[in-house]
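Computed from a predicted model, the values in this text were never measured in an experiment. Heavy atoms only: backbone and side chains are in, while hydrogens, waters and symmetry mates are out.
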Number of protein chains: 2
Amino acid sequence: MTVKNELFLGDSKKELEKLPDNSIDLIFTSPPYADQRKNTYGGIHPDKYVEWFLPVSEQLLRVLKPTGTFVLNIKERVVKGERSTYVMELILEMKKQGWLWTEEYIWHKKNSYPGKWPNRFRDAWERLLQFNKEKKFNMYQEEVMVPMGDWAKTRLRKLSDTDKTRDESKVGSGFGKNISNWVGRDKAYPTNVLHLATECSNKKHSAAFPEGLPEWFIKLFTKEGDTVLDPFMGSGTTNIVASQMKRNTIGIEIVPEYYEMVKDQLQPEELYLLEPKPSYESDQPRRRISIR
Amino acid sequence: MTVKNELFLGDSKKELEKLPDNSIDLIFTSPPYADQRKNTYGGIHPDKYVEWFLPVSEQLLRVLKPTGTFVLNIKERVVKGERSTYVMELILEMKKQGWLWTEEYIWHKKNSYPGKWPNRFRDAWERLLQFNKEKKFNMYQEEVMVPMGDWAKTRLRKLSDTDKTRDESKVGSGFGKNISNWVGRDKAYPTNVLHLATECSNKKHSAAFPEGLPEWFIKLFTKEGDTVLDPFMGSGTTNIVASQMKRNTIGIEIVPEYYEMVKDQLQPEELYLLEPKPSYESDQPRRRISIR
DNA sequence: GTTCCGCATGAATCGATAG
DNA sequence: ACTATCGATTCATGCGGAA
């Protein structure tokens with residue numbers, strides 16, 4: 001089978017106008033976070049953030065299918081000792097646009113940035129806000145349950161201490177519990193708390209999230225042949241993962257350098273001859289994405 | 001030494017008026033959650049929640065010391081397939097009252113109640129909102145340090161002499177590891193994600209939280225002899241734990257049954273004859289705190 | 001082929017210093 | 001005075017070279 005990859009260079013709000021109504025199954029994105037500094041990539045001042053984002057979310061509401069889902073990865077900054085409130089204000093405003101705020105998942109970043117300050121500890125979590133157009137939407141819960149295949153059985157037999165305590169991320173997509181909890185069970189349902197380490201690979205984009213994050217939501221909210229959109233593509237993690245999972249993808253990026261970088265890795269049409277096993281069933285390390 | 005336990009039966013807003021200004025070091029509470037059903041304990045309709053809570057938080061702002069902290073354990077309900085927004089509205093309104101929203105901790109409920117719905121998974125986390133009166137407040141970070149990961153322990157044990165000297169000579173090399181700094185340290189600072197199992201003890205109160213939760217914040221924000229307030233006492237977990245930790249406590253409860261229950265367990269004056277380790281440092285399994 | 005170990009670095013924050 | 005930039009702080013993780 002083949003999947004299509006459409007990439008747009010330009011401002012999200014403008015480029016989104018080119019997409020037809022009700023055509024997207026899943027929007028997964030991590031927009032530029034608010035930033036006081038002006039010269040950072042995409043830095044938007046916290047006070048202007050909601051105003052900046054709302055025209056985009058209005059377009060997203062238009063292009064999303066009624067059965068589709070919008071997952072927004074975001075976290076508010078600390079400004080002068082206080083958490084900013086722009087994320088909360090954004091949720092309230094998006095509801096006025098017609099979005100349903102269905103759920104808030106927590107991404108627990110197991111290896112967060114070091115640091116200790118007089119008034120706070122390390123920030124080790126981010127929000128994954130789920131929005132929908134309708135109360136009824138597509139959700140394939142079975143897909144994110146991790147089956148007890150031969151791999152898991154073998155793995156459990158030689159379960160090491162490190163597996164038990166330290167490395168939860170080797171289990172499935174990295175979400176969920178201790179491997180040892182699964183002994184005797186066929187399947188495990190996840191919760192709305194996702195445990196995943198931030199990646200320390202050679203990505204040149206500062207806002208990269210681990211591949212497991214979009215992978216999990218793509219599995220949960222789409223099936224093969226569906227269409228996944230990332231309006232703030234960045235290094236293209238969402239699109240590359242989605243394409244590997246045989247979903248059609250659309251990506252928009254305003255910085256030419258990142259746009260070109262992703263373009264080198266994603267063909268307009270990707271042909272999948274083989275039926276690769278899902279990565280969580282594979283014995284091999286997950287395929288690394290190299291930047292050429 | 002002795003600690004005092006003051007218990008009030010009545011409505012929080014009214015009873016709080018009896019307390020003097022700037023007299024409390026820590027407020028830790030889990031108020032009745034919003035609920036559409038009227039017959040639940042303290043059930044308040046989501047639409048009325050903010051309006052109901054604000055007079056209480058206004059009193060809390062008055063009684064809290066300038067160096068004190070208010071920790072609010074809360075989570076929004078799902079109403080008609082959507083998360084309610086009263087928590088966000090509450091934060092925004094409390095900021096207008098003069099509160100600083102310093103931080104949001106996540107309580108990850110490791111063993112949350114099993115369950116699955118067509119549109120969502122198990123809810124396995126709650127918010128712990130930290131509010132302050134001033135930017136400078138008391139925080140005893142060393143008190144909640146946690147054992148270091150296995151990796152560091154292994155590394156330190158095997159640290160060779162050359163490693164020590166070589167690393168010391170590299171002081172000033174900027175960002176990077178200086179392992180020798182860690183010698184003698186077996187603890188690390190925690191993050192803003194707390195991993196605790198929910199407790200299934202014999203509590204008759206529906207809003208009971210595990211003892212480890214107030215215990216952690218009491219350690220972090222107070223010292224012995226300080227005063228801890230819970231304006232929605234319930235089964236009295238906060239007060240009982242605080243009293244055991246040699247903090248003076250004040251509790252307010254509107255339901256006579258709960259009020260009497262706590263009164264039976266807490267004397268107006270508790271005498272602590274022994275000065276040794278506080279209970280939370282003992283080896284007794286019941287009082288083990290398990291924050292990773 | 002394992003296992004071990006050194007090292008880089010990740011959506012960070014504060015406070016001091018420079019413009 | 002006010003803003004922008006910079007240095008110090010510090011832990012989990014995976015990778016790659018060494019044993």
Using a distance-only criterion (donor-acceptor N/O pair, under 3.5 Å, no hydrogens), is the base of D:dA12 paired with the side chain of A:S112?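 A donor-acceptor contact between them is absent.
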
State whether A:R127 and A:E76 are salt-bridged, where the test is any N-O pair (Lys NZ or Arg NE/NH1/NH2 against Asp/Glu carboxylate O) under 4.0 Å.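 Salt bridge present between A:R127 and A:E76.
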
Once you round it to whole Å, what is the distance between [atom2] of [N] and [atom1] of [X]?
X      : N      : atom1 : atom2 : value
A:K109 : C:dT13 : NZ    : P     : 9 Å
A:K116 : D:dT10 : NZ    : C1'   : 11 Å
B:N192 : C:dA11 : CG    : C1'   : 14 Å
B:Y189 : D:dA8  : OH    : P     : 19 Å
B:Q141 : D:dT9  : CD    : C1'   : 12 Å
A:K110 : D:dT13 : NZ    : C1'   : 9 Å
A:H45  : D:dT3  : NE2   : P     : 9 Å
A:E126 : C:dG10 : CD    : P     : 14 Å

Among [options], which is the nearest nucleotide to the side chain of [X]?
X      : options                : result
A:N111 : D:dT13, D:dT10, C:dA11 : D:dT13
A:T198 : D:dT10, C:dT13, C:dA11 : C:dA11
A:P114 : D:dT13, D:dT10, C:dT13 : D:dT10

Can you tell me how far C1' in C:dG1 sits from the matching atom in D:dA19, rounded to whole Å?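 Between the two C1' atoms, the distance is 13 Å.
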
Whole-Å P distance, D:dT9 and C:dA11: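 It comes out at 22 Å once rounded to the nearest Å.
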
Within 45° of the six-membered ring axis of B:W125 and under 6.0 Å from that ring's centre, is NZ or CZ of B:K75 located there?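 Flagged: B:K75 positioned over aromatic ring of B:W125.
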
Sequence neighbours excluded, which residues qualify as side-chain hydrogen bond (donor to acceptor under 3.5 Å, both in side chains) partners of [X]?
X      : result
B:E89  : B:T85
A:E93  : A:K96
A:Q59  : A:R62
B:K223 : none

For DNA chain D, what are the stems built from at least three Watson-Crick or G-U pairs in a row, each pair having both distances below 3.5 Å?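 Correct response: C:2-10 with D:11-19, C:12-19 with D:2-9.
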
Would you sort out whether B:E104 and A:R83 count as a salt bridge (charged side-chain N to carboxylate O under 4.0 Å, His left out), showing the intermediate values? CA-CA 8 Å; B:E104 178 170 350; A:R83 287 279 170 198; over 6 Å; no

Restricting to nitrogen or oxygen on both sides, can you table the protein-nucleotides 14-18 of chain C pairs closer than 3.5 Å?
{"unit_1": "C:dC14", "atom_1": "OP1", "unit_2": "A:R120", "atom_2": "NE", "d": "3.3"}

Going by 5.5 Å between centroids and 30° between planes, is there a stack of A:Y113 over C:dG10?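 Check failed, A:Y113 does not stack on base of C:dG10.
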
Would you say that A:L7 contacts A:M233 through its side chain, given a criterion of any heavy-atom pair below 4.5 Å between the two side chains?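 Result yes, sub-4.5 Å side-chain heavy-atom pair found.
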
Is there side-chain contact between A:T222 and A:V228, with heavy atoms separated by less than 4.5 Å?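 Result yes, sub-4.5 Å side-chain heavy-atom pair found.
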
Passes side chain to side chain donor-acceptor pair (under 3.5 Å), A:Y33 versus A:E126? Steps please. CA-CA 12 Å; A:Y33 289 10; A:E126 293 193 15; 2.5 Å; yes

